[in-house]
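Okay, structure first, notes after.
Quick note on labels: first sequence line is chain A, next is B, and so on, each numbered from 1.
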2 protein chains.
Amino acid sequence: MFKGQVTIKDIAKELGISPSTVSKALKGHRDISLSTKQSVRDLVEKWHYKPDPIALSLKSGLTKIIGVIVPEIVHYFFSTVISGIEDLAYDSGYHVMFCQSNESYEREVKAVETLLSSRVDGILVSVTKVTSDFNHFRKIQENGIPLVFFDRISSEIDTDRVVVDDEVGAFDAVKHLINIGCKNIVHLAGPQNLQIGKSRKDGYVRALKYFNQPINNQNIISCDTREEARIVVPELMKREKRPDGIFAVNDLTAVEAMNMIKECGFKVPEDVSVVGFTSGMISDITTPTLSSVEQHGYLIGREAVKLLIDRIEKKHNLPSQTIVIKTEMVVKGSSKSARSI
Amino acid sequence: MFKGQVTIKDIAKELGISPSTVSKALKGHRDISLSTKQSVRDLVEKWHYKPDPIALSLKSGLTKIIGVIVPEIVHYFFSTVISGIEDLAYDSGYHVMFCQSNESYEREVKAVETLLSSRVDGILVSVTKVTSDFNHFRKIQENGIPLVFFDRISSEIDTDRVVVDDEVGAFDAVKHLINIGCKNIVHLAGPQNLQIGKSRKDGYVRALKYFNQPINNQNIISCDTREEARIVVPELMKREKRPDGIFAVNDLTAVEAMNMIKECGFKVPEDVSVVGFTSGMISDITTPTLSSVEQHGYLIGREAVKLLIDRIEKKHNLPSQTIVIKTEMVVKGSSKSARSI
DNA sequence: ATTAGCATTTCAAACGTTTGCGGAACTATA
DNA sequence: TATAGTTCCGCAAACGTTTGAAATGCTAAT
């Protein structure tokens, strides 16, 4: 019909009125007569006029785009969160722009710059494992752009956050292992510069204390990837006092731990019970299925977007909030031991 | 320093020159003297001026945004593709906007509308399992927006495509099963309205023919989800003539098939060899690890973006191309049978 | 007949950038 | 001393939309 898209000008020309009249008619402005409004609406309908978001953005200074930075997309937990972000954002009239940092500090910094120069209305971040300098996040705030952290947060930046109750989740996981009779529980821990790594370890320690089990530093081992598990777990199984329970900081590590245990000639859960953290699809796929702590990633995504949009639209002016999503211990095959109650 | 962002006007005012001079200086226009250029560049540097993409879009009619529609994000193959899309798009100066259709036709239509009204420069789509009407894709083309299909394509729409060589991949998988001695291979097939479902079945059939094995329609069963596998596979194992090989249309189905086989008291791969399609992370996690056909999702993503950007930037005007990405049979634990050569 | 009041519409500026054209100031040639 | 050429810069319009202010045409009251 026209080159590209129908504009408000085309409508105006056709109807022999001015663009401003059309604009006001569409907004239901009381200045405009009913008959004019009707004819504008009719033509809009007929020509499938859609306002140009770019012109709107230029006027309003808002893009209706939310930027998201995640360490990886190819990752069950993060893709679940993204799914939640996407769903609520679209329902609220926002679009979503993704960047993955690939667990690299440089790429994270670049992603921030990219999103800022795209003039997004707000930014959602889960930081990389290696980030220890947070100035790029400060820059976001200096630009007046709302910022919400989820899951992997930084405690140095004062902003809204959505986190999982990692400490309680870990406590519950270890409590479960103790309940089914484990006496020598090892924790495969995440990086301690990250809040989640620290909290999960804290929960582990608190559970042992609470149930009067000895805390052995040798039982807290830094190991949060499959590659590390491949090395660490066989050594564990060679110990004089073999572990009878393993609480891993994430599912992938837990799964590899299970595989290593089996390779060393032991059985899961009969000889060693294993519990992971995330409870995604992979926990259903393994043999045995993996007991794990469900993090409700989809919900985390939704809550994070909700917080962010509230800030963008200045629905309130409260100090920074932190929303804690409850975890849930999901018992599956890797910890239903014969020793269970 | 200024409200929000530094604009070309701020620079102009500070330097006592006009905005157009600043613009031309930044573009290296020969009209502008070296000294002016230098002072502009200095101030740009000092004030961290970044051109406003929105104003640029309004002028050029281009957004430098690519829209992507995938059935699901929480899915190993698709998140791999997305990862490839993201990487190359950003390197080429484009941003990426995602929509997931959640395998729903209505959501797919809505996603198309959303992206069109966002004025994206091009769209990448992998269609849902249930889409049989393709008019929403025609609308994209009518708007003059380049469109590239990947993996799950529609043959009704004439456009660029990036697909996996499903037929050959399936042929290779079945060839492998035959090579290790399988005589009664079942195919758990995908929906036949989808090209990939059809091609993989075709490859299965061709391989049997090629190696002079009988083709039995009872051995081609529609089953492409874990839920279906849970029902279908136990029935298979009760057959008089038990299958000794299973070629599943995707990994998740293959994994569930393995689990069912084990639940029925048989062993993988000793009694039944299993081969899947996708070869993602999950194929390493299961016990035994799953032999599967690698699809190179990351590469698919990159190729699709490359095709799209070529169209957007009108680098050529060739008729629609179809790029075929070679698959690769990855032999792991679920098919290294004792009968193997 | 003048004016106030009202309903309806248009004008013009703005958002930040680009770009063809015209113009000023200068130098060089005839 | 004109004239032509060169170098450098600003003007204004354009992209599509919004919005306060100004203008138009009308009716009704004085």
Report task. List in chain and number order the residues that pass side-chain contact (heavy atoms from CB on, under 4.5 Å) with A:Thr36, two or more places apart in sequence or in another chain; answer none if no residue qualifies. Result -> A:Ile17, A:Thr21, A:Ile32, A:Ser33, A:Val40
Report task. Using whole Å, report how far CG of B:Leu62 lies from P of C:dT17. Result -> 17 Å
**Report entry** Pairs meeting criterion salt bridge (charged side-chain N to carboxylate O under 4.0 Å, His left out) with involvement of residues 93-112 of chain B, two or more places apart
**Finding:** A:Asp87-B:Arg107, B:Glu103-B:Arg152
Query - Spacing of B:Leu58 atom CG relative to D:dA14 atom C1', expressed in whole Å - result: 9 Å
Report task. Assign A:Lys9 to base, sugar-phosphate, or nothing according to its heavy-atom contacts below 4.0 angstrom with the strands shown. Result -> base
Query raised in the report: Under 6.0 Å between the ring centres of A:Phe137 and A:Phe149?
Result: yes
**Report entry** Donor-acceptor pair between B:His95 and A:Ser118 side chains, under 3.5 angstrom
**Finding:** yes
**Report entry** Atom-pair distance (NZ on B:Lys64; P on C:dT17), nearest Å
**Finding:** 17 Å
Report task. Nearest whole angstrom, please: distance from the P of C:dG16 to the CG of B:Leu26. Result -> 16 Å
Query raised in the report: Can you check the B:Ile54 CD1 to C:dT18 P distance for me, whole Å?
Result: 14 Å
Mind listing the N/O atom pairs, protein and nucleotides 6-9 of chain C, below 3.5 Å?
from, atom 1, to, atom 2, distance (Å)
C:dT9, OP1, A:Thr36, OG1, 2.8
C:dT9, OP2, A:Ser33, N, 3.1
C:dT9, OP2, A:Ser33, OG, 3.2
C:dT9, OP2, A:Thr36, OG1, 3.1
C:dT9, O4, A:Asp31, OD2, 3.2

Report task. Output yes when at least one side-chain N/O atom of A:Ser20 is less than 4.0 Å from OP1 or OP2 of C:dT10, else no. Result -> no
Requested in this report: For B:Gln141, enumerate each residue passing the side-chain hydrogen bond (donor to acceptor under 3.5 Å, both in side chains) test, keeping only those at least two apart in sequence or located in another chain.
Outcome: none
Query raised in the report: Does atom NZ of B:Lys37 have more than 12 heavy-atom neighbours from other groups under 6.0 Å away?
Result: yes
Query raised in the report: Below 4.0 angstrom from OP1 or OP2 of D:dG16, is there any side-chain N or O of A:Thr7?
Result: no
Report task. Whole angstrom is fine here: how far is it from OH in A:Tyr49 over to C1' in D:dG16? Result -> 7 Å
Requested in this report: List in chain and number order the residues that pass salt bridge (charged side-chain N to carboxylate O under 4.0 Å, His left out) with B:Lys315, two or more places apart in sequence or in another chain; answer none if no residue qualifies.
Outcome: B:Asp310, B:Glu313
Query raised in the report: Nearest nucleotide by nearest heavy atom, which residue falls closer to the 5' end of DNA chain D, A:Leu56 or B:Lys59?
Result: B:Lys59
Requested in this report: Find the distance A:Ile8:CD1 to C:dT10:P and express it as a whole number of Å.
Outcome: 13 Å
Query raised in the report: In Å, rounded to the nearest 0.5 Å, how long is the span from CD1 of A:Ile312 to OH of A:Tyr94?
Result: 4.5 Å
Query raised in the report: Can you check the A:Ile11 CD1 to D:dG16 P distance for me, whole Å?
Result: 13 Å
Requested in this report: Establish, with yes or no, whether the OP1 or OP2 oxygen of D:dT18 is under 4.0 angstrom from a side-chain nitrogen or oxygen of A:Lys27.
Outcome: yes
Report task. Report the end-to-end axis angle of the helix from C:dA1-D:dT30 to C:dA30-D:dT1; each axis comes from five terminal pairs, and the value is rounded to 10°. Result -> 100°
Query raised in the report: With a 4.5 Å heavy-atom cut-off, do A:Ile66 and A:Ile309 have their side chains touching?
Result: yes
